[in-house]
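Encoded as structure tokens, the structure appears first; notes follow it.
In this text the structure is predicted, and so the values were computed from the model without any measurement. Values below: all heavy atoms of this structure, side chains included; hydrogens, waters and symmetry mates excluded. Chain letters run A, B, ... following the sequence lines, proteins first and then strands; every chain starts at 1.
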2 protein chains.
Amino acid sequence: MVENDDFDLQNFLPYLLNRAAEESSLAFQQVYKNKYGMLRNEWRVLFHLGAFGEMTASSIVARARIHKTKISRAVQKLVEKRFVTRERSEDDRRQEILRLTPLGLAAYRDLREVAAAYDRTLEAKFTKEEVALLRGMLRRLAERG
Amino acid sequence: MVENDDFDLQNFLPYLLNRAAEESSLAFQQVYKNKYGMLRNEWRVLFHLGAFGEMTASSIVARARIHKTKISRAVQKLVEKRFVTRERSEDDRRQEILRLTPLGLAAYRDLREVAAAYDRTLEAKFTKEEVALLRGMLRRLAERG
DNA sequence: TCTTGTTAGTTACAAAACAGACTATTATCA
DNA sequence: TGATAATAGTCTGTTTTGTAACTAACAAGA
């Protein structure tokens with residue numbers, strides 16, 4: 001029987017990452033959920049459109065690595081909320097060009113401020129160097145494969 | 001509409017943490033899902049029982065910070081799979097004492113090996129010092145509040 | 001033209017998560 | 001003691017997600 005008393009669940013990186021991700025998402029989640037009735041995928045789409053300008057659903061899929069069915073549903077909700085418009089592309093009529101409405105832009109700007117402020121409170125737990133290292137490591141862990 | 005601002009979604013810690021958590025959970029998830037038909041909360045319960053011995057549902061709730069309805073359902077599934085037994089406590093008849101069966105223990109040991117090996121491949125991306133720092137930071141981020 | 005294949009996005013149905021009500025048992029305290 | 005609150009755990013109805021099939025538009029070769 002294989003014994004491995006060195007293994008500790010509390011040190012298992014996927015476990016720690018999940019716990020940290022869940023806990024650190026809570027406070028921000030309260031805001032976009034209570035103030036704008038959004039779900040996680042909705043603010044992600046909103047932020048992509050706010051940050052990168054008009055995009056198609058598939059370009060958001062490629063950039064955010066969220067499954068296309070989630071994007072599809074998030075876009076539907078955002079259109080219902082009048083935060084986003086969609087227009088069929090002339091170049092390729094399969095594509096829909098997504099854009100923020102003025103209402104969506106206002107929500108984006110508001111939430112972006114909230115996110116930036118919240119990020120600063122998270123960063124304040126560590127030194128600048130630690131935060132930079134953490135971001136780099138998280139990026140490597142988030143890579144495919 | 002690309003705006004000039006200092007906030008970058010790609011640097012937002014909750015976003016990075018979620019991405020890293022999702023990506024780093026995938027490979028291990030394949031194993032406990034395909035090999036044992038388990039869900040995330042099921043392996044978490046299994047690992048708690050394997051690591052700490054017999055526990056009640058509420059002590060797992062306290063330790064793992066998973067909602068009690070999730071624990072309840074995970075335990076039901078594990079009992080159906082013959083990995084776990086439950087016995088009503090004599091001291092407090094509201095409580096149920098959960099224990100791994102020999103089958104459950106074997107699954108735990110197998111998955112623990114897989115987890116340990118997988119953790120080593122994640123760690124191999126960084127230096128020992130970086131990994132230690134990462135764990136410390138993730139723990140602080142996972143703290144309440 | 002006629003396949004055959006690819007891509008954009010939606011839909012349908014099952015699986016799973018979430019939230020709150022609920023039962024049963026124990027604890028507290030006037 | 002009796003009233004009230006707290007705790008352990010389950011159940012139920014509603015959302016949300018996951019998976020795969022689907023429509024529609026484009027593309028490329030024979």
Side-chain angles (χ1 to χ4, degrees), chain A residues 18-19 21-23 25-26 29-30 32-34 36-46 48-49 54-81 84-99, chain B residues 18-19 21-23 25-30 32-34 36-46 48-49 54-81 84-99:
Chain A
N18 267 291
R19 290 276 306 270
E22 275 170 27
E23 192 60 36
S25 297
L26 266 182
Q29 185 182 1
Q30 294 312 311
Y32 64 70
K33 188 174 173 185
N34 295 336
Y36 293 102
M38 286 187 196
L39 302 175
R40 197 176 63 145
N41 291 325
E42 293 173 47
W43 80 256
R44 284 185 173 183
V45 168
L46 189 89
H48 276 84
L49 293 176
E54 62 182 42
M55 297 179 83
T56 64
S58 57
S59 58
I60 298 178
V61 166
R63 203 178 263 279
R65 286 182 182 160
I66 304 175
H67 194 269
K68 62 180 181 175
T69 62
K70 290 187 188 175
I71 300 291
S72 174
R73 280 186 271 238
V75 168
Q76 278 180 317
K77 297 282 188 183
L78 289 171
V79 169
E80 282 172 25
K81 292 187 177 77
V84 167
T85 59
R86 40 184 164 188
E87 181 199 340
R88 201 153 280 285
S89 165
E90 288 304 315
D91 297 340
D92 182 339
R93 287 153 55 72
R94 291 170 302 184
Q95 294 183 339
E96 285 185 336
I97 298 165
L98 307 171
R99 292 188 190 87
Chain B
N18 268 289
R19 290 275 306 270
E22 276 170 26
E23 192 60 35
S25 297
L26 265 182
F28 183 55
Q29 183 184 1
Q30 295 311 311
Y32 64 71
K33 188 174 173 189
N34 295 336
Y36 293 102
M38 287 187 195
L39 302 175
R40 199 176 62 144
N41 291 324
E42 293 173 48
W43 80 257
R44 284 186 173 182
V45 167
L46 188 89
H48 276 83
L49 293 175
E54 61 183 44
M55 297 179 83
T56 63
S58 57
S59 59
I60 298 179
V61 166
R63 203 177 261 280
R65 286 181 182 161
I66 304 174
H67 194 269
K68 62 179 181 175
T69 62
K70 291 185 190 176
I71 300 291
S72 173
R73 275 185 278 246
V75 168
Q76 277 180 318
K77 296 283 188 182
L78 290 171
V79 169
E80 283 172 25
K81 291 186 177 78
V84 167
T85 59
R86 38 183 165 190
E87 181 198 341
R88 199 154 282 285
S89 165
E90 289 303 316
D91 297 340
D92 183 339
R93 286 153 54 71
R94 290 171 302 184
Q95 295 183 340
E96 286 185 336
I97 297 166
L98 306 171
R99 291 188 191 88

side-chain hydrogen bond (donor to acceptor under 3.5 Å, both in side chains) filter on S59(A), not counting sequence neighbours, yields T56(A)
Does some side-chain heavy atom of N18(B) sit less than 4.5 Å from a side-chain heavy atom of R40(A)?
-> yes
Using a cut-off of less than 4.0 Å, is there contact between a side-chain N or O of [X] and OP1 or OP2 of [N]?
X: S72(A); N: dG9(C); value: no
X: Q76(A); N: dT11(C); value: yes
X: R86(A); N: dT10(C); value: yes

Mind running a 4.0 Å heavy-atom check of residues 58-66 of chain B against DNA chain D and sending the residues that fall below it, in number order?
-> S58(B)
Quick one: list whatever passes salt bridge (Lys or Arg N to Asp or Glu O under 4.0 Å) with K81(B), sequence neighbours left out.
-> E42(B)
Taking only residues two or more places apart in sequence, or in another chain, which ones meet R94(A) in a salt bridge (Lys or Arg N to Asp or Glu O under 4.0 Å)?
-> D92(A)
At under 4.0 Å between heavy atoms, which parts of nucleotides 12-24 of chain C does protein reach? Answer with one letter per nucleotide, 5' to 3': B base, S sugar-phosphate only, - none.
-> B---S-BBB----
Mark yes or no for whether R88(A), through its side chain, and R93(A), through its backbone, hold a donor-acceptor pair below 3.5 Å.
-> yes
The ring pair (Phe, Tyr, Trp, His ring centres under 6.0 Å) partners of Y32(B) (sequence neighbours excluded) come to F28(B), W43(B)
Pick the nucleotide of DNA chain D nearest each of D92(A) and I97(B); which residue has the one closer to the 5' end?
-> I97(B)
Given atom [atom1] of [X] and atom [atom2] of [N], what is their separation to the nearest angstrom?
X: E96(A); N: dA8(C); atom1: CD; atom2: P; value: 13 Å
X: Q30(B); N: dT19(D); atom1: CD; atom2: C1'; value: 13 Å
X: E22(B); N: dT17(D); atom1: CD; atom2: C1'; value: 12 Å
X: R88(B); N: dT7(D); atom1: CZ; atom2: P; value: 18 Å

Against [X], only a single residue in [options] fulfils side-chain contact (heavy atoms from CB on, under 4.5 Å); can you say which?
X: R86(B); options: Q95(B), Q76(B), R99(B); answer: Q76(B)
X: N41(A); options: I66(A), V75(A), L78(A), I71(A); answer: I66(A)
X: E54(A); options: L49(A), L98(A), I97(A); answer: I97(A)

Report the nucleotide, chosen from dA25(D), dG9(D), dT26(C), that has the shortest atom-to-atom distance to any side-chain atom of R93(A).
-> dA25(D)
